[in-house]
> 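My questions will all concern the structure given below.
Each ligand, and each atom within it, is numbered from 1 in the order the structure gives. Index from 1, following the sequence. No hydrogens, no waters, no symmetry mates; every other heavy atom, side chains included, goes into these values.
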Amino acid sequence: MKEGSVAVIGAGKWGQALHYALSQKQECYITSRTKRDIKNFTDLQTALSCEYLVIAIPAQQIRTWLSNHFEFKGQKILVASKGIEATTGKFLNEIYEEFIPTQNLGFISGPSFAAEVIKGLPCAIVLNSLNKQLFLEFEKFFPNFIKTYYSDDVIGAEICGAYKNVLAIASGICEGMDLGNNARVSLISRGLVEMQRFGSHFGAKMDTFIGLSGAGDLFLTASSELSRNFRVGLGLANNKTLDEILKQLGEVAEGVKTSYAINSLNKKHNIYTPIANEVYSILEGKNPKDSLKDLLKN
Ligand SMILES: NC(=O)C1=CN([C@@H]2O[C@H](COP(=O)(O)OP(=O)(O)OC[C@H]3O[C@@H](n4cnc5c(N)ncnc54)[C@H](OP(=O)(O)O)[C@@H]3O)[C@@H](O)[C@H]2O)C=CC1
Ligand SMILES: O=C(CO)COP(=O)(O)O
């Protein structure tokens with residue numbers, strides 16, 4: 001292993017933005033399935049031989065990728081994805097822990113649109129890990145325009161990052177239906193309460209929900225067309241099919257599959273999640289106007 005070396009795996013929007021950020025203070029490699037003309041683009045084996053890895057591939061692909069391509073050699077890893085595995089209802093930390101020791105794992109959360117990070121605009125994120133030493137090592141790699149905070153609430157960060165994408169779809173639907181600012185902010189506020197209720201069931205810390213990982217990322221994603229999930233919601237409100245919307249998007253919108261995961265988890269654990277339920281139902285063909293009536297009634 002090349003000591004002190006850093007690589008990003010996954011050269012999508014977020015991977016490229018993180019690569020830009022992490023290249024400010026040191027050399028940073030990047031790799032992806034599709035070869036790209038980016039400085040320090042390398043092959044997977046070279047990237048995997050780095051001591052520090054930042055992995056930015058979609059949540060639903062992680063298990064297969066880890067099974068087929070990853071070999072643990074003691075690397076320290078920051079997970080940049082946000083989502084819940086739809087087929088199993090597992091949070092990303094649970095999947096990674098099947099392949100990598102917990103002490104080698106950290107998870108990025110907080111409000112951070114790739115499109116702004118890649119321009120060097122300031123932002124604040126949280127590096128979540130049960131191993132504070134891992135945070136201290138990764139923290140040094142981030143440029144001055146990114147303020148990093150530490151938290152040990154891995155499960156809280158995972159739930160916030162995943163759930164807010166579903167709520168961003170709901171908010172996009174609300175915007176697309178022209179329901180007004182009062183409705184959108186009511187939805188976001190109740191969404192935060194719902195996300196907290198869901199999180200508390202799995203042992204998340206309540207403070208996480210009012211910080212950058214929770215309210216921070218939710219307010220960002222649920223109020224801007226820069227969010228792919230918000231744009232999925234806009235499309236659904238305008239009667240586009242999900243296939244059309246996703247094809248046009250051409251990038252991952254994690255909230256779609258995560259809605260299915262939350263739907264199974266809330267049934268299994270009997271958690272009251274009215275907004276996520278309606279997003280799931282709309283994805284399954286319910287008319288958003290009927291969802292609105294049901295949300296106002298219940
Ligand atoms: N964009 C953003 O602002 C932010 C995104 N995130 C999260 O980061 C994750 C990635 O998002 P983002 O980069 O924007 O998504 P994109 O759709 O832009 O890119 C996805 C990346 O994943 C790679 N990929 C897709 N499928 C596989 C697979 N089966 N095996 C290996 N690699 C695969 C693609 O590789 P290739 O193109 O080479 O084929 C591509 O590099 C998501 O979980 C997202 O929620 C988190 C914070 C901010
Ligand atoms: O997580 C994000 C910003 O923090 C990006 O959100 P979208 O995936 O909805 O674009």
> Should we say atom CD of Glu98 is surrounded by more than 12 heavy atoms from elsewhere, each under 6.0 Å from it?
yes

> By number and element, which atoms of ligand 1 are closer than 4.0 Å to a non-hydrogen atom of Glu251?
17 (O), 18 (O)

> May I ask you to decide if the ring planes of Phe141 and Tyr52 are parallel, tilted or perpendicular, using 30° and 60° as cut-offs?
perpendicular

> Show the nearest heavy-atom pair for residues Glu27 and Asn40, with the distance to one decimal.
CG-ND2, 3.3 Å

> Provide, to 0.1 Å, the distance between atom 48 (C) of ligand 1 and the closest protein heavy atom, together with that atom's residue and name.
Ser112 O, 3.2 Å

> Using a strict cut-off of 4.0 Å, indicate which atoms of ligand 2 neighbour a heavy atom of Gly110.
4 (O)

> Give the numbers and elements of all ligand 2 atoms closer than 4.0 Å to a heavy atom of Leu220.
3 (C), 4 (O)

> Under a 4.0 angstrom heavy-atom cut-off, which atoms of ligand 1 come close to Ala80?
6 (N), 7 (C), 8 (O), 46 (C)

> For Arg63, is the CZ atom crowded, meaning more than 12 foreign heavy atoms sit under 6.0 Å from it?
yes

> So between Ile118, Ile108, Ile57, whose heavy atom ends up nearest atom 32 (N) of ligand 1?
Ile57

> Identify the protein heavy atom lying closest to atom 10 (C) of ligand 1, giving its residue, its atom name and the separation to 0.1 Å.
Ala56 O, 3.9 Å

> Could you tell me, atom by atom, which parts of ligand 2 come under 4.0 Å of a heavy atom of Thr221?
6 (O), 9 (O)

> Atom 26 (N) of ligand 1: which of His69, Gln16, Gln60, Arg33 has the nearest heavy atom?
Arg33

> Verify the ring-centre separation between Phe99 and Phe70: is it less than 6.0 angstrom?
no

> In the single-linkage hydrophobic clustering (I, L, V, M, F, W, Y; side-chain heavy atoms under 4.5 Å), do Val256 and Phe91 co-cluster?
yes

> Can you confirm whether more than 12 heavy atoms, excluding those of Lys286, are under 6.0 Å from its NZ atom?
yes

> Quick check: are there more than 12 heavy atoms from other residues, nucleotides or ligands sitting under 6.0 Å from CD of Gln248?
no

> As an exercise, state the distance from CG of Asn263 to CG of Leu283, rounded to the nearest 0.5 Å.
10.0 Å

> Does Arg36 have a non-hydrogen atom less than 4.0 Å from ligand 1?
yes

> Counting only nitrogen or oxygen atoms and a 3.5 angstrom limit, does Lys13 reach ligand 1?
yes

> Would one find an N or O of Phe113, backbone or side chain, under 3.5 Å from an N or O of ligand 1?
no

> State the atoms of ligand 1, each with its element, that fall below the 4.0 Å cut-off from a heavy-atom position in Ser32.
35 (O), 36 (P), 38 (O), 41 (O)

> Could you grab the distance from atom OG of Ser227 to atom CG of Asn165, nearest 0.5 Å is fine?
6.5 Å

> For ligand 1, which atoms, with element, lie under 4.0 Å from some heavy atom of Trp65?
30 (N), 31 (C)

> Grab the two heavy atoms, one from Pro288 and one from Ile173, that are nearest each other, plus how far apart they are.
CB-CG2, 3.9 Å

> Do other residues, nucleotides or ligands put more than 12 heavy atoms under 6.0 Å from the CG atom of Asn182?
no

> Would you mind listing which atoms of ligand 1 come within a distance below 4.0 Å of any non-hydrogen atom of Ala114?
1 (N), 2 (C), 3 (O)

> Going by salt bridge (charged side-chain N to carboxylate O under 4.0 Å, His left out), Glu51 matches just one of Lys76, Lys2, Lys73. Which one?
Lys76

> What do you reckon, does Ala11 put a non-hydrogen atom under 4.0 Å from ligand 1?
yes

> What residue and atom, counting heavy atoms only, is the protein's closest point to atom 42 (C) of ligand 1, and at what distance?
Glu254 OE2, 3.2 Å

> Could you tell me if any non-hydrogen atom of Arg228 lies under 4.0 Å from any atom of ligand 1?
yes

> Going by an N to O cut-off under 4.0 Å, is there a salt bridge joining Asp43 and Lys35?
no

> Give the atoms of ligand 2, by number and element, whose distance to some non-hydrogen atom of Ser227 is under 4.0 Å.
7 (P), 9 (O), 10 (O)

> Among protein heavy atoms, which sits nearest to atom 41 (O) of ligand 1, and what does the distance come to when rounded to 0.1 Å?
Gly12 N, 2.8 Å

> Quick check on contacts: which atoms of ligand 1 are under 4.0 angstrom from a heavy atom of Gly10?
41 (O)

> Does Thr34 reach ligand 1 with a nitrogen or oxygen that is under 3.5 Å from one of the ligand's nitrogen or oxygen atoms?
yes

> For atom 22 (O) of ligand 1, find the nearest protein heavy atom and state the residue, atom name and distance (0.1 Å precision).
Pro58 CD, 3.0 Å

> Taking the inter-plane angle between the rings of Phe145 and Tyr20 on a 0 to 90° scale, is it parallel (under 30°), tilted (30 to 60°) or perpendicular (over 60°)?
tilted

> Of the listed options (Lys164, Glu116, Lys82, Arg228), which comes nearest to atom 6 (O) of ligand 2 when hydrogens are ignored and any heavy atom counts?
Lys164

> State whether Phe41 and Lys39 meet the cation-pi test: NZ (Lys) or CZ (Arg) under 6.0 Å from the six-membered ring centroid, and within 45° of the perpendicular axis.
no

> Does a donor on one side chain and an acceptor on the other come within less than 3.5 Å for Glu278 and Ser281?
no

> For ligand 2, which atoms, with element, lie under 4.0 Å from some heavy atom of Ser112?
3 (C), 4 (O)

> Between ligand 1 and Gly250, is the shortest N or O to N or O distance under 3.5 Å?
no

> What protein heavy atom sits nearest atom 13 (O) of ligand 1, and how far away is it?
Trp14 N, 2.9 Å

> How does Ala17 reach ligand 1, by side chain, by backbone, by both or by neither, if only non-hydrogen atoms under 4.0 Å count?
neither

> For ligand 2, which atoms, with element, lie under 4.0 Å from some heavy atom of Asp217?
3 (C), 4 (O)

> Before signing off on this row, confirm whether Val252 and ligand 1 have an N or O atom pair separated by under 3.5 Å.
yes

